[in-house]
Each structure stands twice: as C-alpha cells, then as structure tokens.
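Below: the structure, in structure tokens.
These numbers were taken from a predicted model, which means no experiment stands behind them. We name chains A, B, ... by the order of the sequence lines, and we start the count at 1 in each one.
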Protein chains: 2
Amino acid sequence: MVVDDEPSIRDLLSASLRFSGFEVVTAADGNEAVEVAKRAGPDLVVLDVMLPDLDGFEVAQRIDAPVLFLTARDATEDKIAGLRVGDDYVTKPFSLEEVQARIRAVLRRTRGEGAPTSRLKVADLELDEEAREVWRAGRPVRLSPTEFKLLHYFMANAGRVLSKAQILDHVWNYDFGGDAGVVESYVSYLRRKVDDVEPRLIHTLRSVGYVLREPPSG
Amino acid sequence: MVVDDEPSIRDLLSASLRFSGFEVVTAADGNEAVEVAKRAGPDLVVLDVMLPDLDGFEVAQRIDAPVLFLTARDATEDKIAGLRVGDDYVTKPFSLEEVQARIRAVLRRTRGEGAPTSRLKVADLELDEEAREVWRAGRPVRLSPTEFKLLHYFMANAGRVLSKAQILDHVWNYDFGGDAGVVESYVSYLRRKVDDVEPRLIHTLRSVGYVLREPPSG
DNA sequence: GAACGACCTGAGGAAATCCTGAAGGCTCAA
DNA sequence: TTGAGCCTTCAGGATTTCCTCAGGTCGTTC
C-alpha cells in the first residue's frame, strides 16, 4: 500500500511497484490509509510521515503491517527513532531503486528465512543486496552508493535495453535536475571497476541506451 | 510473554523478540497476564511492575515461569528485593540489547547446562556474554557497558549491514533523544580497543551503515 | 572520407559523510 | 567533597562521493 497526499509521488511509486510485479493499493491521507489497510490487508505500507490529517507514526500504529516511512531529508534522525522494529525509512527526495531496495529488505526480514535469495548473478558478476557486496570473476569490488544502485538496476534488468532517461528515472532522485551526462560518467566508472575483464557485460547501444548481458555466443 | 499496559512498549518488545526468533504472546494488564500465562505456558515473562490492576510481584506469584521485571529507574532497591530466585529485572527506559541479554541469561539459568553457548566468535575476536569478557587476538579487552552492548550487537549480527538508526534503536535506550553522532563516537572507541590489528573487522559503508565481518575474501 | 552526433573519460571543485580529539556533565564510589 | 570512569556533544580535518565540463574517440550518414 502506498500512502502520500501528493498525487505525483503516489503515481510514481505505484506505477513503479506495479511494473515490478507488486499488487498496489493507494491512499491519500491517514484516515483513508487506516480504512484501506483494514480492507486490503497489505504486506507492507509505504507511508509518508507528513500527511494532511494524521501523523504518519499514528497511522503506523493502527496498521498491522511493516512500514517504510518517507521523510524529509532535513528531519533530524531522532524523529526516526519512532520506528518500530522491522520498519525502515527513506528520505525524500528518493530514487526508485532506493525504495524498492528497502521494500525488499523489509519483506525479507518480515517473511523470515524462507525468503527469496538476495543474490543477483550475471555471468561471473555477482551482487549481494544484503551484504552490499559485489564480485567480478571471484574478486570483490568496492562501489560507491550510486555505483551500487546503478549496477543493481542493470543486473535486475539484465538483457533488457535501458535508455539513459530510464536509468535516470530509476537510479537518481526524482528531483534530479541535471542531464543524462552523469549516466555516462557512472557507466564509465562501472566499466572500470567491474567490467575490465572478458567477457564484457555492459554494452552501449548507440543513441538507444545500455544493456548488461553476456555477449551473444557464436 | 510480554506484559505491559503501554502499547508502544508491548509492540517494541514483541516485534524485537519475534525478530530474534522467539514466539511471543502479550497481555496488557495483570489479570489478562495470569489468564494468558495459564493458556500459553510461557518459558519466560517480561513483566512491567507498574500495571493498572495488579502489582507486578503479585502477578509473578501466580505464574509458573521465570520473570524479567521492568521497573522505573528510581525504584528503590528494596522493591527489587522481592525477586524470586531465577528472576531478574531491567530498568526503564531500557535498550533492546539490554532486555535480550537478560532474557538469554534467565533462560540459560532456567534451562540448565544444556543451554546454548554464550560465546560469540568472529575471526580472532571473541565475546563471552556471561563473563562479560572480550578478547582480540587472544588478548583481553576492557569495555565500558555501552561499548560492550554495541560490540555484542555487531557480533550477533556479523556479516549483516547495520544502519546507524538500527544501531541506535537496539543499543541505546528507547527514549534516547540525541542523534546518530554518538554511534560514530562509539564505533571509534571500539575500533581503538578491539580493531587495531589486522584483519580489520569493523567496516564503514559510507551513507549506509557499518558491518562487522572478515574482509571479503578475494 | 568528411562531417556530424553520440559517447567516453580524466580532471577538478563542491558537497556530503565520516573520524576523532577535546571538553563538559553525569553518576557512583571512596 | 572529590575523583574516576562514562556518556554525549561538538567541531575541525580527512576522506569519499557526486556532478560538471571539456577534449578526445568512435560510429553513422551522406
């Protein structure tokens, strides 16, 4: 369930989550959230802390599901101390990669050990979401947060061609004002760090985008 | 079983204990506690001394299980003298690390010798919960109470990335008002005391958190 | 093969994040 | 009352990360 009073945020999140295979219901304020939650019984709630009627933490107490809070970046961390065990939070403005990563982490903790693995693998490139570790050809690789998010997005969509606009929309914060040049820079960083051996996995499709995959055999 | 009339405390404790693998039932007052205990037969009861109906010590007498009392910090010590053998207590406000440590201690005493070991070990770093002792590379290390709780939390979650907010929620009292800067200070203290030799075990994941583990093997 | 657009990448400044020493206040015991 | 150990805050400095920019390279088209 997605709860936010701004329609643009609601739509952004629900569209992105639906695309990833989640079933999504939405609410625009605290009272509606409590009501919808009762009816729909969500597995997890993405909940803006600032709502027109109720405080986000109040809403959380009346809902029997783990919560991923959306907070302003300038909220001092002690405000976040209201989190229950199992909850988590993301600061606005967020990136979709960020939100989805946290959602998966919360669901993993909630559903216990039988949860699906958090390890992605393409050829000899491996990525562990939980441990936040990456290996290429068996060697560990250190990545910055943005590099990690970008690589994760590539690996979660291995074999699919991703335009620079798509990448910008998923990996960068939704309010990012710059142009697609940064994508080129970060693809360059990734190539140096994780794609400096054969077979090359990150391929440029000129004037289309990028794709991560094993080179076509034969 | 968790018994407290404040829902926030009940939820905090039951969620934290469930996450650690315990089965939890709850009660909101003394009479309900006696009733639920009869039905559920708990191995241990976490029991607030101040309940709306009955006194916590009265409740304890009617329950056939060891008790971990929750008391106000200013409770005079003679009140605590009412503890039966095998019981223990924690003062409010507590930290989750504190409560879980006491619970394990009580269960260890109750269940006798067949209990699981109280010794944590990561690489050449060892921690004895019962003796409250720590060794690094065979050498004993003196830690303050907070340092010990923090290290214990790290070791109990070795290999898992812990955010500063998570650390604050588990190691510090639930009413702590300060910010995450104090976590940085204590990580610094721990590094000086237990992580001043190779291999380094406490790693910073910039803008993510910390993790205690052996360096990724390449 | 020349011109054009798209892409790559090194350099560098700004900002975010982290580390750590220092200092003040607190509790507890002597 | 004093002192020691502990907890917390704070701020300067170190480090890492982010983003922009510009010159060079590569591919495509005509």
Side-chain angles (χ1 to χ4, degrees), chain A residues 72-78 81 91-95 97-98 132 134 141-151 161-165 167-168 171-196 200-211, chain B residues 73-77 91 93-95 97-98 132 141-151 161-165 167-168 171-196 200 202-211:
Chain A
R73 183 175 297 289
D74 58 359
T76 49
E77 298 214 22
D78 50 12
T91 59
K92 284 185 175 185
F94 49 77
S95 71
E97 269 294 301
E98 190 80 56
R132 237 195 144 67
V134 172
V141 181
R142 273 194 61 229
L143 297 182
S144 79
T146 302
E147 289 163 358
F148 186 88
K149 278 192 285 186
L150 177 58
L151 181 60
V161 178
L162 304 169
S163 73
K164 278 184 256 194
I167 293 170
L168 223 40
V171 177
W172 269 260
N173 295 343
Y174 58 75
D175 72 338
F176 178 68
D179 68 3
V182 300
V183 178
E184 294 178 17
S185 281
Y186 273 88
V187 168
S188 174
Y189 298 154
L190 274 191
R191 280 182 164 141
R192 191 176 335 173
K193 287 190 178 180
V194 308
D195 208 20
D196 55 345
R200 304 296 158 131
L201 300 176
I202 302 176
H203 309 279
T204 301
L205 299 182
R206 207 181 173 75
S207 73
V208 178
Y210 298 96
V211 60
Chain B
R73 186 172 297 286
D74 58 359
T76 52
E77 297 213 18
T91 60
F94 49 78
S95 71
E97 270 293 302
E98 191 79 55
R132 225 187 158 67
V141 181
R142 271 193 66 231
L143 297 182
S144 79
T146 302
E147 290 164 356
F148 185 86
K149 278 192 285 185
L150 177 57
L151 181 60
V161 179
L162 304 170
S163 72
K164 279 183 258 197
I167 294 170
L168 223 40
V171 177
W172 270 259
N173 295 342
Y174 58 76
D175 72 338
F176 178 70
D179 69 3
V182 68
V183 177
E184 294 178 18
S185 282
Y186 271 87
V187 168
S188 177
Y189 298 154
L190 274 190
R191 280 182 165 142
R192 195 174 329 173
K193 289 190 177 180
V194 307
D195 208 21
D196 55 346
R200 305 296 157 130
I202 301 176
H203 308 277
T204 301
L205 300 182
R206 195 160 248 260
S207 76
V208 177
Y210 297 96
V211 61

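Closest to the side chain of B/Arg192, from the set C/dG10, C/dG21, D/dT17, is C/dG21. With C/dC8, C/dT9, D/dC6 as the candidates, the nucleotide lying closest to the side chain of B/Arg142 is D/dC6. Out of C/dC8, D/dC18, D/dC19, the shortest distance to the side chain of A/Phe176 is found at D/dC19. Closest approach to the A/Ser207 side chain among C/dA6, C/dT9, C/dC18 is made by C/dA6 (side chain taken as heavy atoms from C-beta onward).
Computed from coordinates, the B/Lys149 NZ to D/dC6 P distance equals 13 Å when rounded to whole Å. Atom pair B/His203:NE2 and D/dT16:C1' shows a separation of 17 Å (rounding to whole Å applied). The CG atom of B/Leu168 sits 14 Å away from the C1' atom of D/dT9 (whole-angstrom rounding). For the pair A/Leu143 CG and D/dC18 C1', the interatomic distance rounds to 15 Å; values are reported in whole Å. Following rounding to the nearest Å, A/Leu205 (CG) and C/dA6 (P) show an atom-to-atom distance of 15 Å. Rounded to an integer number of Å, the gap from CG of A/Leu150 to P of D/dC18 is 11 Å. Atom CG of A/Asp175 is separated from atom C1' of D/dC18 by 14 Å (rounded to the nearest Å). Per the geometry, CG belonging to A/Asp195 stands 15 Å off C1' belonging to C/dT9, to the nearest Å.
Using a 4.0 Å cut-off on heavy atoms, the residues of residues 180-189 of chain A that approach DNA chain D are A/Val182, A/Ser185, A/Tyr186, A/Tyr189, listed by number.
B/Lys164 has no side-chain polar atom (N or O) that falls below the 4.0 Å cut-off from OP1 or OP2 of C/dT17. Regarding contacts with the backbone of C/dC8, a side-chain N or O of A/Tyr210 is found under 4.0 angstrom from either OP1 or OP2. Distances shown here put every side-chain N or O of B/Trp172 at or beyond 4.0 Å from the OP1 or OP2 atom of D/dC7.
Contact detail for B/Ser95 and B/Asn173: the closest heavy-atom pair is N-OD1, 3.4 Å. Nearest approach of B/Arg200 to B/Asp195, heavy atoms of both residues: NH1-O, 3.3 Å. What you find for B/Glu147 and B/Lys193 is that their closest heavy atoms are OE1-NZ, 2.9 Å. When all heavy atoms of B/Val187 and B/Leu150 are compared, the closest pair comes out as N-CD2, 4.0 Å.
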Please write out the pairs of protein N or O atoms and N or O atoms of nucleotides 25-30 of chain C separated by less than 3.5 Å, giving the distance to one decimal.
none

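For the pair B/Trp172 and B/Lys149, the minimum side-chain heavy-atom distance is 4.5 Å or more. Between B/Lys164 and B/Tyr210, the closest side-chain pair of non-hydrogen atoms falls below 4.5 Å. When side chains are defined from C-beta on, B/Pro145 counts as touching B/Arg132, because their heavy atoms get closer than 4.5 Å.
Taking for each of A/Arg206 and A/Asp179 the nucleotide of DNA chain D with the nearest heavy atom, the 5'-most of the two is the partner of A/Asp179.
One distance of note links CG of B/Leu143 with OH of B/Tyr189; it measures 13.0 Å at 0.5 Å rounding. Taking CG of A/Leu151 as the start and CD of A/Glu97 as the end, the distance is 10.0 Å to the nearest 0.5 Å.
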Inset, instruction - Start with the C-alpha gap between B/Val182 and B/Phe176, add the side-chain angles, then the distance that decides, and say whether side chain to side chain contact (heavy atoms under 4.5 Å, CB included) holds. - result: CA-CA 11 Å; B/Val182 68; B/Phe176 178 70; 4.0 Å; yes

